[in-house]
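Structure first, then comments.
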Amino acid sequence: MSSALSRLRDLAQGNRSQNQPTLLEFSPLDVDQIASDIALEKQGTERGAVGEPLSGSTTLDSIEKEVVDKVQGAQQAAVEQLTGQLDICSERLRRLQFDSMVIDVKSETSATVADFEQEGRNGLNTLFQLRRELIDATDALERFKKDHDLNRPAHKKANGLYTVLILLSVFMIETFGNAGLIGAAHESGYIGAYTLAVTLSFINVAAGYGAGSFGLTSAYHKELSHKLWGMFLVVAYLIGVFFFNLYIAHVRDAMQSGGFEQALNQVWSKVLSLSFDFPDYQAPLMLIIGIAFSLIAFYKGFTSDDPYPDYGRQSRLRDDTEATYANHFADLGDQLTELRNEIKKTLQEVAMELGFRRTEYFGIMETIDRLISRFKSHERQLQSSAQRLLNIYRDANKKARSKGVPKHFKRDFELIEAHIPSPNIGSIYPKDKVESLIEEAKDLIHKSIDDVDKAHRDAFRRYDLISQVLDKSRLEEIAAEVSEEEGKRDGA
């Protein structure tokens with residue numbers, strides 16, 4: 001998509017000249033200065049006094065020729081200035097490149113529209129696949145609910161970070177509490193007490209969380225084997241956590257009267273007899289702390305997900321698949337709309353560029369006409385100036401003569417019009433051809449904008465159609481219909 005659109009952007013940027021030609025103001029001849037430089041009155045008087053030129057003369061004498069040469073020299077200088085300006089105009093006309101630009105507009109607009117349509121088809125294929133996955137996930141969830149007699153939505157999974165923070169807090173509180181209670185009795189002091197407390201807290205928290213996550217949830221299962229297994233785990237956990245913490249409480253109590261190894265040998269009889277005979281409050285406090293914090297972990301394990309085994313995972317799988325589809329649908333729509341708007345904007349810029357070139361073309365043609373018109377006016381001024389200079393010379397000559405006036409004095413001077421060597425502007429880009437090319441290109445641009453809008457609408461219509469399908473067989477029918485439609489379009 002990017003290659004065709006980037007080439008279209010290049011067309012929109014244009015390749016026109018930025019410099020406008022200067023309209024010449026041809027300087028008129030300074031008749032008085034030339035008359036003074038040549039000394040026309042003086043030479044006319046002197047030559048008239050001696051009868052020159054002869055009265056029968058029919059051609060210009062040397063003085064008159066000098067005047068004519070100056071005028072023709074000025075004419076030739078003006079021709080060179082005009083030719084330079086016309087060459088600039090011709091080059092600007094060539095740089096407009098109407099032919100090649102219209103050809104490029106035809107090819108690049110067609111390629112851009114085709115690429116846009118392909119983008120829509122690519123998105124359609126992706127949506128088909130995601131919709132299949134969503135239907136599969138939905139069907140799997142419905143079968144799971146039916147198989148397990150579930151008529152309620154699944155509970156949301158607890159926030160993982162929140163759960164970890166709670167368990168970590170429970171672990172740390174229990175660890176420091178146990179360490180404080182054991183420290184005074186432990187033979188290694190508080191260092192040994194903290195080591196033992198970490199182990200005890202880990203066992204309590206891990207056992208509680210595991211029993212809640214696997215045992216109690218299994219007790220909710222429909223099948224009797226799972227239910228019995230779960231109930232067994234829960235009962236085993238409750239019994240185990242009670243005896244474990246009772247044992248630790250008696251160990252702590254026994255360590256006050258001897259070493260750690262000796263304490264272990266004294267407590268089994270008390271634990272097995274369910275003795276709660278403690279000399280102070282610290283040992284029973286350890287028992288309560290251990291059981292309480294283990295039960296907190298047990299509760300968090302049970303509530304971390306839906307209580308029915310695997311229901312939460314199945315529901316989240318379906319929800320995640322739906323979210324993936326919805327997000328891709330939204331992103332695809334946004335991207336396609338953004339691309340459509342970018343293409344339309346670029347096409348409009350190309351149309352504006354064509355308008356700029358048309359305006360510049362007619363501006364250049366008007367400039368050429370004005371240059372030539374000013375040159376013609378300048379030629380008429382040169383002829384008038386030449387006649388005035390000749391009259392200055394001839395009038396002085398006539399006054400000084402004693403005989404007849406030369407015959408050619410009676411003829412007015414005519415300056416031969418210069419040939420302007422300008423190229424045939426019309427053969428580069430005739431006006432009717434320019435108008436035809438621009439209208440053709442603009443019609444194509446408008447058609448391309450309509451085609452892009454239509455492709456955008458067709459793509460969204462198909463996207464919406466897919467989003468409404470809940471049956472996989474119907475989805476496959478739509479996919480086949482779309483494929484057949486695209487095949488007919490490609491064949492046409």
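As the structure is a computational prediction, the values presented were derived from the model and not from experiment. Numbering starts at 1 and runs along the sequence shown. Atom set for the values below is all heavy atoms of this structure, side chains included, hydrogens, waters and symmetry mates excluded.
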Start with the C-alpha gap between R318 and L134, add the side-chain angles, then the distance that decides, and say whether side-chain contact (heavy atoms from CB on, under 4.5 Å) holds. CA-CA 7 Å; R318 191 267 176 194; L134 176 57; 4.2 Å; yes
Between atom [atom1] of [X] and atom [atom2] of [Y], what is the distance when rounded to the nearest 0.5 Å?
| X | Y | atom1 | atom2 | result |
| --- | --- | --- | --- | --- |
| E119 | H456 | CD | NE2 | 12.5 Å |
| L382 | Q76 | CG | CD | 11.5 Å |
| L415 | S384 | CG | OG | 11.0 Å |
| T138 | R143 | OG1 | CZ | 10.5 Å |
| T346 | E108 | OG1 | CD | 12.0 Å |
| R474 | I135 | CZ | CD1 | 11.5 Å |

State whether [X] and [Y] are salt-bridged, where the test is any N-O pair (Lys NZ or Arg NE/NH1/NH2 against Asp/Glu carboxylate O) under 4.0 Å.
| X | Y | result |
| --- | --- | --- |
| E66 | K70 | no |
| E142 | K146 | no |
| K454 | D458 | yes |

For [X], look at atom [atom1] and say whether over 12 heavy atoms of other residues, nucleotides or ligands are found less than 6.0 Å away.
| X | atom1 | result |
| --- | --- | --- |
| K447 | NZ | no |
| F232 | CZ | no |
| R388 | CZ | no |

Any donor and acceptor pair, going by atom type alone, linking the side chain of [X] with main-chain N or O of [Y] inside 3.5 Å?
| X | Y | result |
| --- | --- | --- |
| Q75 | I416 | yes |
| S36 | D32 | no |
| S110 | K106 | yes |
| Y361 | E435 | no |
| T109 | V105 | yes |
| Q387 | F413 | yes |
| E379 | E417 | no |

Determine, step by step, whether L354 and I445 satisfy the side-chain contact (heavy atoms from CB on, under 4.5 Å) criterion, reporting the C-alpha distance in whole Å, the side-chain angles of both residues, the deciding distance to 0.1 Å, and the verdict. CA-CA 11 Å; L354 287 169; I445 289 173; 3.9 Å; yes
Would you check, one step at a time, whether the test side-chain hydrogen bond (donor to acceptor under 3.5 Å, both in side chains) holds for Q129 with N125? CA-CA 6 Å; Q129 180 59 35; N125 295 333; over 6 Å; no
Minimum heavy-atom distance [X]-[Y], with the two atoms named:
| X | Y | answer |
| --- | --- | --- |
| L389 | A35 | CD2-N, 3.9 Å |
| C89 | T367 | SG-CG2, 4.0 Å |
| G120 | A459 | CA-CB, 4.4 Å |
| K442 | A351 | CE-O, 3.8 Å |

Using the side-chain contact (heavy atoms from CB on, under 4.5 Å) rule, take E440 and D443 through it: C-alpha gap first, then chi angles, then the decisive distance, then the call. CA-CA 5 Å; E440 180 183 0; D443 289 343; 5.8 Å; no
Within 45° cone and under 6.0 Å: R340 NZ/CZ vs F116 ring: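 No; the conditions do not both hold, so R340 does not lie above the ring face of F116.
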Assess the side chains of Q118 and R121: does a donor N or O sit below 3.5 Å from an acceptor N or O?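 Side chains of Q118 and R121: pair found under 3.5 Å.
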Taking atom types as modelled, find out whether S373 and R370 have a side-chain donor-acceptor pair closer than 3.5 angstrom.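 R370 and S373 do not have a side-chain donor-acceptor pair below 3.5 Å.
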Against L86, only a single residue in L82, T83, I88 fulfils side chain to side chain contact (heavy atoms under 4.5 Å, CB included); can you say which?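 It is L82, the one option of L82, T83, I88 that forms the side chain to side chain contact (heavy atoms under 4.5 Å, CB included) with L86.
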Testing L465, L336, L332 one by one against F460 for a side chain to side chain contact (heavy atoms under 4.5 Å, CB included), which residue passes?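 That would be L336.
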Mind checking whether [X] and [Y] have side chains closer than 4.5 Å, heavy atoms only?
| X | Y | result |
| --- | --- | --- |
| L130 | E133 | yes |
| F375 | L371 | no |
| F329 | D464 | yes |
| D136 | T321 | no |

Any chance you could lay out the side-chain contact (heavy atoms from CB on, under 4.5 Å) test for R131 and L470, step after step, and finish with the verdict? CA-CA 9 Å; R131 194 67 186 181; L470 300 176; 3.4 Å; yes
Classify the ring geometry between H378 and F26 as parallel (under 30°), tilted (30 to 60°) or perpendicular (over 60°).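 Aromatic pair H378/F26 classed parallel.
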